[in-house]
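Since the structure comes first, as structure tokens, the remarks are kept for the end.
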Amino acid sequence: MPEGPSIVILKEAVQSFAGKKIMAALGNSKTIDFQRLTGKKIIEFKSWGKHFLICFSDFTIRIHLLLFGSYRINERKETPARLSLHFKKGELNFYACSLKIIERPLDEIYDWTADVMNECWDPKNALKKMKSHPGMLVCDALLDQQIFSGVGNIIKNEVLFRIRIHPESLVGKLPSPKMKALTTEAVNYSFQFLEWKKEFTLKKHWLAHNKKTCPRDHVPFRKEYLGKTNRRSFFCTICQLKYV
DNA sequence: AGTAGTGTTCGGCC
DNA sequence: TGGCCGAACACTAC
């Protein structure tokens, strides 16, 4: 489910509920006051990276699907919903997700230029942020939601393979064209991810993630748990250069 | 059939 | 004070 492009798919899928009034709200969430939602009109749906945002006139529900979260539109699962929104016609159900009410205006909270899928995305800001952390590993930089909001582990592995950079390269040691390629490919692959996910052909197009052999050099991929968060990294030690 | 993982937060511990 | 670690979430795919 949950990398940025999947949230864009969710946002598109729920558009019919934009502008609609919530007739009833329920679920097993401990952080949501369901009373507050009933009778409220959804102004619009937004997203920031992996955050899905349901906007009302005076507050916003932030939904994060984490690793296992899921949703159903006009359908229900067996398990109890964390948040279930009922409309005059249809319903929207979320499961195993993290919910939070945001009271402040979103523009005060979110840097829209950091979201690789957003039209406000600005690579100059990403470059500036990376330059302020020269000792950071590129694998950590790509997963840093303040720099590349929406990028997850699959996108990280695919981007680094495509631009031939070793995940343990230091941000400050990347030649400037490689820095640029990082920002360009993070966006480019995210939109390819979006299209392939819609076609249900995402996995078929993986070149590195979960793969055994490098398609360029025909040698085994390294599989290591790297970076601050010890996430799975698949990389080729021949074609992916380590800048240190 | 068991296990790891597209992610993040939080609390405990050193 | 801060960084590191495990737990929690609950399901699917290999």
Side-chain angles (χ1 to χ4, degrees), chain A residues 1-13 27-32 47-53 61-73 75-84 93-102 109-111 114-117 133 135-137 139-162 167 185-213 220-235:
Chain A
M1 275 298 133
E3 296 194 32
S6 297
I7 304 305
V8 170
I9 290 172
L10 163 59
K11 188 169 62 176
E12 290 174 1
N28 64 12
S29 168
K30 296 185 192 94
T31 60
I32 294 278
S47 63
W48 181 81
K50 301 164 192 172
H51 295 201
F52 176 61
L53 303 163
I61 305 177
R62 188 205 72 184
I63 300 180
H64 201 305
L65 295 176
L66 303 175
L67 200 50
F68 307 119
S70 59
Y71 62 88
R72 291 291 185 274
I73 299 165
E75 284 177 15
R76 290 178 194 183
K77 300 178 74 170
E78 295 288 323
T79 49
R82 180 130 317 145
L83 175 64
S84 180
N93 298 306
F94 294 93
Y95 306 86
C97 54
S98 158
L99 296 177
K100 192 182 175 189
I101 296 283
I102 299 175
I109 294 181
Y110 291 116
D111 173 5
D115 180 356
V116 296
M117 308 289 295
H133 303 287
M136 196 180 219
L137 302 181
C139 60
D140 284 330
L142 275 171
L143 291 177
D144 188 322
Q145 300 300 294
Q146 297 307 318
I147 306 176
F148 293 101
S149 173
V151 169
N153 206 38
I154 296 172
I155 297 175
K156 175 202 79 181
N157 283 325
E158 291 296 312
V159 166
L160 291 176
F161 177 73
R162 279 151 209 261
E185 192 59 22
V187 173
N188 183 45
Y189 182 74
S190 292
F191 280 94
Q192 287 201 351
F193 183 123
L194 174 64
E195 293 312 312
W196 288 331
K197 182 90 183 174
K198 284 179 176 174
E199 296 173 353
F200 306 102
T201 61
L202 180 65
K203 285 177 195 185
K204 194 179 81 184
H205 288 94
W206 285 345
L207 299 178
H209 188 78
N210 248 343
K211 305 300 278 191
K212 295 266 188 285
T213 311
F221 270 123
R222 305 273 319 172
K223 177 187 167 187
E224 292 180 22
Y225 292 79
L226 302 178
K228 279 190 306 206
T229 50
N230 289 309
R231 301 299 301 279
R232 278 199 307 171
S233 289
F234 298 85
F235 57 97

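Computed over heavy atoms, backbone and side chain alike; hydrogens, waters and symmetry mates excluded. All chains are named by letter (A, B, ...) in the order of the sequence lines, taking the proteins before the strands, and each is independently numbered beginning at 1.
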Base partner of C:dA10, which must satisfy Watson-Crick or wobble distances under 3.5 Å =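 None - no nucleotide pairs with C:dA10, as no candidate has both distances under 3.5 Å.
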Using both distances under 3.5 Å as the test, list the Watson-Crick or G-U wobble partner of B:dT6, or none.
->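 Here B:dT6 is not engaged in any pair, so there is no nucleotide opposite it.
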Could you work out the separation of B:dT6 and C:dC4 based on their C1' atoms and round it to a whole Å?
->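 That atom pair is separated by 24 Å.
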Determine the interatomic distance between C1' on B:dA1 and the same-named atom on C:dC9; round to the nearest Å.
->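 After rounding to an integer number of Å, I get 23 Å for this pair.
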Could you tell me how far apart [X] ([atom1]) and [N] ([atom2]) are, to the nearest whole angstrom?
| X | N | atom1 | atom2 | value |
| --- | --- | --- | --- | --- |
| A:Tyr225 | B:dT3 | OH | P | 14 Å |
| A:Ile63 | B:dT8 | CD1 | C1' | 15 Å |
| A:Asn153 | B:dA4 | CG | P | 16 Å |
| A:Arg232 | B:dG7 | CZ | C1' | 13 Å |
| A:Tyr95 | C:dT12 | OH | P | 12 Å |
| A:Lys228 | C:dG2 | NZ | C1' | 14 Å |
| A:Gln192 | B:dT6 | CD | P | 20 Å |
| A:Asp140 | B:dG7 | CG | P | 13 Å |

Short side-chain N/O contact to [N] OP1/OP2 from [X], under 4.0 Å:
| X | N | answer |
| --- | --- | --- |
| A:His209 | B:dT6 | yes |
| A:Lys50 | B:dT6 | no |
| A:Arg82 | C:dC9 | no |
| A:Ser98 | C:dC9 | no |

is_close_aromatic(A:Tyr71, A:Phe52), centroid dist under 6.0 Å |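 Not close enough - the centres of the two rings lie 6.0 Å or further apart.
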Answer yes or no: is there a side-chain heavy-atom contact under 4.5 Å between [X] and [Y]?
| X | Y | result |
| --- | --- | --- |
| A:Arg232 | A:Asn210 | yes |
| A:Ser233 | A:Lys156 | yes |
| A:Ile101 | A:Ile61 | yes |

Test A:Phe161 against every option in A:Phe235, A:Phe221, A:Phe234 by the ring pair (Phe, Tyr, Trp, His ring centres under 6.0 Å) rule and name the one that passes.
->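 Going through the options one by one, the only one that passes is A:Phe221.
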Residue A:Gln145, side-chain heavy atoms: nucleotide from B:dT6, B:dG5, B:dT8 that is nearest |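 Among the listed nucleotides, the one closest to the side chain of A:Gln145 is B:dT8.
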What nucleotide, of C:dC11, C:dC9, C:dA10, holds the atom closest to the side chain of A:Lys77?
->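 Selected nucleotide: C:dC11.
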Hey, which sits more toward the 5' end of DNA chain C by its nearest nucleotide, A:Asn230 or A:Pro80?
->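 This one resolves to A:Asn230.
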Check every strand shown and say whether A:Thr79 touches a base, only sugar-phosphate, or nothing at a heavy-atom separation below 4.0 Å.
->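 Touches sugar-phosphate only.
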Which part of the nucleic acid does A:Lys203 contact within heavy-atom distance under 4.0 Å: base, sugar-phosphate only, or nothing?
->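 Sugar-phosphate, no base atom in range.
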Does A:Glu3 use its side chain to pair, donor to acceptor, with the backbone of A:Gly49 at less than 3.5 Å?
->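 No, because the side chain of A:Glu3 does not come within donor-acceptor range (under 3.5 Å) of the backbone of A:Gly49.
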